[in-house]
2 protein chains.
Amino acid sequence: MTDAFEGKELDLVQNISVDCVVFGFDLNALELNVLLIERKKNPDYEYEDFFALPGNLIRQSETFDQSAIRVLKELTSIQDIFLEQLMAFGNPNRTYLKENDRKWLQTIRPQPDERVVTIAYYSLINLEKYKPTASSFAKKAIWMPVKDVPELAFDHSQILNKAFEALKLKLRTEPVGFNLLPRKFTLGQLQSVYETILGIELDKRNFRRKMLNKDILIQLDEKQKGVAHKSPYLYKFDQAKYEALRDQKFDFSL
Amino acid sequence: MTDAFEGKELDLVQNISVDCVVFGFDLNALELNVLLIERKKNPDYEYEDFFALPGNLIRQSETFDQSAIRVLKELTSIQDIFLEQLMAFGNPNRTYLKENDRKWLQTIRPQPDERVVTIAYYSLINLEKYKPTASSFAKKAIWMPVKDVPELAFDHSQILNKAFEALKLKLRTEPVGFNLLPRKFTLGQLQSVYETILGIELDKRNFRRKMLNKDILIQLDEKQKGVAHKSPYLYKFDQAKYEALRDQKFDFSL
DNA sequence: AGTTCAAAGTGTTAAGTTTACACTTTGATT
DNA sequence: AATCAAAGTGTAAACTTAACACTTTGAACT
């Protein structure tokens with residue numbers, strides 16, 4: 001038994017896991033990033049490892065939501081974020097398709113050949129604020145631009161794809177772009193979030209008007225400093241107002 | 001071992017199930033209905049039974065999609081329909097909360113106290129076309145108006161609620177109302193579907209213009225007969241055209 | 001100190017969409 | 001022949017979206 005076998009394994013449900021797709025937005029590169037882990041390799045095995053989404057088996061007594069929060073924290077130290085269920089993935093062979101996935105599972109699971117079903121979660125967070133630190137069976141935990149992500153472990157590429165589709169839909173439908181930005185942000189930054197994720201160009205004037213007319217942004221008495229051009233006003237998202245308005249009107253689409 | 005224990009139980013994953021929320025629309029009563037089963041009671045047990053969503057454990061070798069199709073067919077004989085994953089439900093105590101749920105599980109499961117996680121599916125079908133017939137552990141399989149549904153077994157009321165919310169969102173966002181109607185339908189019937197499910201009133205002229213402008217309905221050279229008023233034209237949904245258009249424009253919202 | 005640069009900020013018009021609103025037609029039933 | 005119930009139809013006003021270009025500002029560079 002390796003380190004990873006220690007402790008709570010009796011408390012784990014051996015065939016159900018959670019995986020977390022955590023998105024962040026890099027304001028310098030203007031790129032959508034995703035949080036990935038690189039798995040610790042057992043020296044007995046020789047193989048090229050894949051990057052993976054942070055995920056692990058759930059505990060008997062946890063809800064899925066609790067599992068997702070715990071697992072993400074255990075592997076990346078990221079906590080206090082809102083995770084939303086995406087969907088369940090359960091192809092019978094999802095953990096067997098690749099030889100190194102199987103080998104890797106043998107190093108951390110008492111029942112490595114069990115069919116494992118996973119509940120995927122996703123989240124939008126401020127990449128600047130949350131700096132991942134690897135622990136448990138994660139060797140590294142890093143932010144990686146979504147466009148650079150190579151093939152991932154198990155069916156994690158498929159999960160990431162679904163999460164990205166869900167993100168695009170959500171961005172068009174609900175005001176969620178703010179979650180990817182610092183608490184105080186400029187309208188230009190917000191526009192970049194939309195343009196980058198949706199892969200479209202937006203007219204600056206129309207975008208501003210539309211956003212401001214939703215009446216859920218508060219302009220602060222503060223400007224962004226240190227930029228090599230006219231300094232823009234900072235805004236923050238008015239959560240309370242949004243919640244109040246949400247019940248009245250249906251449409252918060254872009 | 002009772003009847004239900006027979007056969008494939010070794011092939012079943014004892015802690016993962018699927019549940020199906022199948023919606024139909026009653027054109028006479030203008031009501032949204034849902035497909036429910038009444039469970040067979042074991043004569044050894046005395047309890048008031050609940051209605052339940054059709055659902056059961058998945059098999060080891062199946063995908064979730066396959067499980068949902070199989071289980072729905074086994075319990076209600078309904079087949080050849082499109083089922084879409086809603087989400088996973090996995091509260092640790094979801095099968096223990098009610099005494100009669102526990103008793104009932106003891107009559108059909110070799111491991112009745114296992115924590116069972118369920119993957120919920122939902123579907124929109126033409127209630128006239130699909131007449132459920134109970135089999136397996138279902139004593140009855142019936143269509144019931146959603147507004148009349150009593151408390152259901154396990155957390156099925158919660159699942160039904162989520163499915164209904166998903167249906168409302170989908171109806172606003174994608175042209176799915178047709179699935180609840182016969183292949184040939186009138187615009188008045190379509191409007192009723194929207195009005196009933198969304199719980200709103202719509203202006204007839206505006207509704208027709210909007211629907212027809214989407215360019216995904218084909219007016220047939222045929223009118224509805226036997227109605228005690230001016231006979232309306234029948235329409236059908238143009239699936240091919242919809243798929244072609246879908247890639248071009250984003251918005252099919254009502 | 002002056003120039004350059006890069007993004008911020010700003011308004012208007014035309015086109016398109018949505019809303020509100022009422023009467024005539026038709027076919028079956030009595 | 002009269003009645004009923006829903007089908008079918010058009011327009012104007014309000015609102016929303018799309019398309020479009022120039023000036024301002026602050027930092028960085030000379």
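Note that these values count all heavy atoms, side chains included, but never hydrogens, waters or copies made by symmetry. Every chain is numbered from 1, with letters handed out A, B, ... down the list of sequences.
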Notebook entry, point to check: Looking at C/dC21, C/dT25, C/dG11, which one has an atom nearest to any side-chain atom of A/N206?
Noted result: C/dG11

Notebook entry, point to check: Looking at D/dT11, C/dT29, D/dA18, which one has an atom nearest to any side-chain atom of B/R209?
Noted result: D/dT11

Could you give the [atom1]-to-[atom2] distance, from [X] to [N], as a whole number of Å?
X      : N      : atom1 : atom2 : value
A/N213 : D/dT17 : CG    : P     : 9 Å
A/D203 : D/dA18 : CG    : P     : 10 Å
A/K223 : C/dA6  : NZ    : C1'   : 15 Å
B/H229 : C/dG27 : NE2   : P     : 12 Å
A/Q191 : C/dA7  : CD    : P     : 12 Å

Checklist line | Residue whose nearest DNA chain C nucleotide is more 5′ - B/V227 or B/K210 | finding: B/K210

Notebook entry, point to check: Of A/Y233 and B/S231, whose closest DNA chain C nucleotide lies nearer the 5' terminus?
Noted result: A/Y233

Notebook entry, point to check: With a 4.0 Å cut-off on heavy atoms, is B/K204 in touch with a base, just the backbone sugar-phosphate, or nothing at all?
Noted result: base

Notebook entry, point to check: Hey, is the side chain of B/R205 pairing donor to acceptor with the base of D/dA7 inside 3.5 Å?
Noted result: no

Next item on the list: Look at the side chain of B/R208 and the base of C/dT18, then say whether one donor and one acceptor between them are separated by less than 3.5 Å.
Entry: no

Check: Would A/D65 and A/T63 count as having a side-chain donor-acceptor pair, cut-off 3.5 Å?
Finding: no

Notebook entry, point to check: Yes or no on salt bridge (Lys or Arg N to Asp or Glu O under 4.0 Å) for A/D19 and A/R94, after CA distance, side-chain angles and deciding distance?
Noted result: CA-CA 13 Å; A/D19 283 297; A/R94 57 180 288 280; 3.8 Å; yes

Check: Does the gap between the ring centers of B/Y242 and B/F252 come in under 6.0 Å?
Finding: yes

Next item on the list: Would you confirm whether the ring centroid of B/F178 sits within less than 6.0 angstrom of the ring centroid of B/F185?
Entry: yes

